[in-house]
Protein chains: 2
Amino acid sequence: MDLPYLNLTQQLVHKLGQAIMQGQYQVGKGLPSEADLCAQYNISRTATREAVKMLTAKGLISSRPRQGIKVLESKHWNFFDVDVLSWILNGQPNLYMLRHFLQLRLPIESEAAYLAAEYAEYDDLKDIEKALGRMKNATTGQDDSHEADIEFHQSILSASQNPFFIQLKSFISTALQVNLRFTNRMQAVTMEEYQAHVDIFNHIKNGDSEAAAKCALITQRETLAIVNEKIKRLEQEEKKSM
Amino acid sequence: MDLPYLNLTQQLVHKLGQAIMQGQYQVGKGLPSEADLCAQYNISRTATREAVKMLTAKGLISSRPRQGIKVLESKHWNFFDVDVLSWILNGQPNLYMLRHFLQLRLPIESEAAYLAAEYAEYDDLKDIEKALGRMKNATTGQDDSHEADIEFHQSILSASQNPFFIQLKSFISTALQVNLRFTNRMQAVTMEEYQAHVDIFNHIKNGDSEAAAKCALITQRETLAIVNEKIKRLEQEEKKSM
DNA sequence: AGATATAATTTCTATGATAAATGAGTATTA
DNA sequence: TAATACTCATTTATCATAGAAATTATATCT
């Protein structure tokens, strides 16, 4: 694997980030002081402080004289930061989290399709088409269905020509990986799913923004309905066992 | 004003952040080296390095030995970070940026209304109602229309019970301020606008998620249409003058 | 009781020194 | 000549130490 070299500061950033997401340090309560962190992780104050600053920049903690280092409330966390997101997912992903993801993806991707229909350029359409090709191959097991799926969604976000949607590419990509963890296998793309994606592409190509958005919305609402159903069953079981 | 105390590190973070957004340092090209920054801003290496780390955490720059400090491509920037966003807006807001904002707000706020209709709790409804009250007063000039508007949108995001939507509150709030800068005055809320908001609230209260979403969507599409029209006219004028 | 001063704790800032990573240029070798 | 290995200069990364500043708790005084 092409794992990048991480310097001490970044190592600590990741360790602390994960520790926070695993609930190792409670919200509002303090982390160890600067000096204690140095001792615990056996690194210099410089590196420790820089790590703290990076986590501060991501909205996870605050650090002030006398008060020490505190975990902030989750509403301050930058969920759209790829690091933060991955720490959360590696921490304690659950069905509720998955639902939250889907609830956000649903409107975003639908509107991205809408915008793509209006603003997509030639190269964007080529990219979407390419992803569709991979997806078709995945129906017969000739390509990785998961990768193809991600590529399709990303290409539509790119086609929106909107920097905010483009920024969300990494967010969506990460979100799709959680999805995978729950579905938990290399499921082949069904012919139905493939067809739904083809439909979206055609609407985009024809510049029919309303149809593209609607089509994308329906697909996602179905996925969300499945998760909601799962949660419902889960909650009923919990109720029974009480 | 209650401007918070900013330490040297954070001061530099803001200065550099704004400088980058104003295009003072070109993407791909390097910023001054660590040592030069110290000299230019007359602060220690410690503070300088920590500022660089914070900007790195926000995706604006990268810093490596020998290579120095470089501005990353904008696709790496964390647009959803409030600091980054405000730097962008203070940098060079324009109609295209405003359109990008609206394009994102549109699906988000619509779906937030949908979710609010499904998941809002008693207190959430109270908050929305309170914001509506302020908005009504704003129609007769008895309250600040801008503040009331922001409060309304925020309360709906909160009611969604989804942490991602809740995180977007600060984003939306900042975005609304750009909007204000373009409309550029304390316009009173019209009775029509107020009524549209009341409708959304009623749908949420009745748990009619589809209607709530649709209602919110329509309002926003209208706003967006106005901006699109403005841009169109602007582009035609530019064409003429060439 | 309330205002004011003092003290203790923790981060913030500054500085100096050394290590490590990186890339370019140079020499070496097949 | 081309590929490889080596050296060197540059820049950030890390460590260590010292003092300043901010914040809170406590004690003191009126």
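The sequence lines fix the lettering, A, B, ..., with proteins before strands; numbering per chain opens at 1. Reckoned from all heavy atoms, side chains included, excluding hydrogens, waters and symmetry mates.
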Contacts table for residues 71-91 of chain B: side-chain donor-acceptor under 3.5 angstrom, sequence neighbours left out:
residue: B:W77; atom: NE1; partner: B:L72; partner atom: O; Å: 3.1
residue: B:N78; atom: ND2; partner: A:D81; partner atom: OD2; Å: 3.2
residue: B:N78; atom: ND2; partner: B:K58; partner atom: O; Å: 3.3
residue: B:D81; atom: OD1; partner: B:K58; partner atom: NZ; Å: 3.2
residue: B:D81; atom: OD1; partner: B:D83; partner atom: N; Å: 2.7
residue: B:D81; atom: OD1; partner: B:V84; partner atom: N; Å: 3.1
residue: B:D81; atom: OD2; partner: A:N78; partner atom: ND2; Å: 3.2
residue: B:D81; atom: OD2; partner: B:K58; partner atom: NZ; Å: 2.7
residue: B:D83; atom: OD2; partner: B:K58; partner atom: NZ; Å: 3.2
residue: B:S86; atom: OG; partner: B:V82; partner atom: O; Å: 3.4
residue: B:S86; atom: OG; partner: B:D83; partner atom: O; Å: 2.9
residue: B:W87; atom: NE1; partner: B:H14; partner atom: ND1; Å: 3.1
residue: B:N90; atom: ND2; partner: B:S86; partner atom: O; Å: 3.1

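You can see that DNA chain C meets the heavy atoms of chain A within a 4.0 Å-exclusive cut from C:dA8 to C:dA21, reading 5' to 3'.
Here the straight-line distance linking atom CD of B:Q10 with atom CE of B:M54 works out to 5.5 Å at 0.5 Å rounding. The distance from the NE2 atom of B:H153 to the CD1 atom of B:I108 is 13.5 Å, given to the nearest 0.5 Å. In this structure, CD1 in B:I231 is found 3.5 Å from CZ in B:R99, a value given to the nearest 0.5 Å. Note that the CZ atom of A:F152 and the CG atom of A:L157 stand 10.5 Å from one another [nearest 0.5 Å]. To the nearest 0.5 Å, atoms CD1 (B:I156) and CD1 (B:I204) are separated by 4.0 Å.
Toward the 5′ end of DNA chain C lies the nearest nucleotide of B:A47, the other residue of the pair B:R66 and B:A47 mapping further downstream.
DNA chain D lies under 4.0 Å from no heavy atom of any residue of residues 69-76 of chain A. Scanning residues 51-64 of chain B for heavy-atom distances under 4.0 Å to DNA chain D yields B:K53, B:S63, B:R64. Contacts between residues 31-45 of chain B and DNA chain C, defined by a heavy-atom separation below 4.0 Å, involve B:I43, B:S44, B:R45, listed by number.
Rounded to a whole Å, the CD atom of A:Q10 is 15 Å from the P atom of D:dT12. B:Q11 has its CD atom 11 Å from the P atom of D:dA22, to the nearest Å.
Side chain of B:E50 to main chain of A:E50: no donor-acceptor pair is present (N/O by atom type, distance under 3.5 Å, no hydrogens or angles).
Contact check on B:E129 versus B:K126 returns a salt bridge, with a Lys/Arg side-chain nitrogen under 4.0 Å from an Asp/Glu carboxylate oxygen.
The side chain to side chain donor-acceptor pair (under 3.5 Å) test applied to B:N7 returns no partner, not counting sequence neighbours.
A side-chain donor from one of B:S158 and B:K169 sits under 3.5 Å from a side-chain acceptor of the other. Side-chain contact check for B:Q161 and B:D124: at least one donor-acceptor pair (N or O, by modelled atom type) lies under 3.5 Å.
More than 12 heavy atoms of other residues, nucleotides or ligands sit less than 6.0 Å from atom CD of B:Q22.
In this structure, B:F101 and B:F171 have tilted ring planes: the angle between them lies in the 30° to 60° band.
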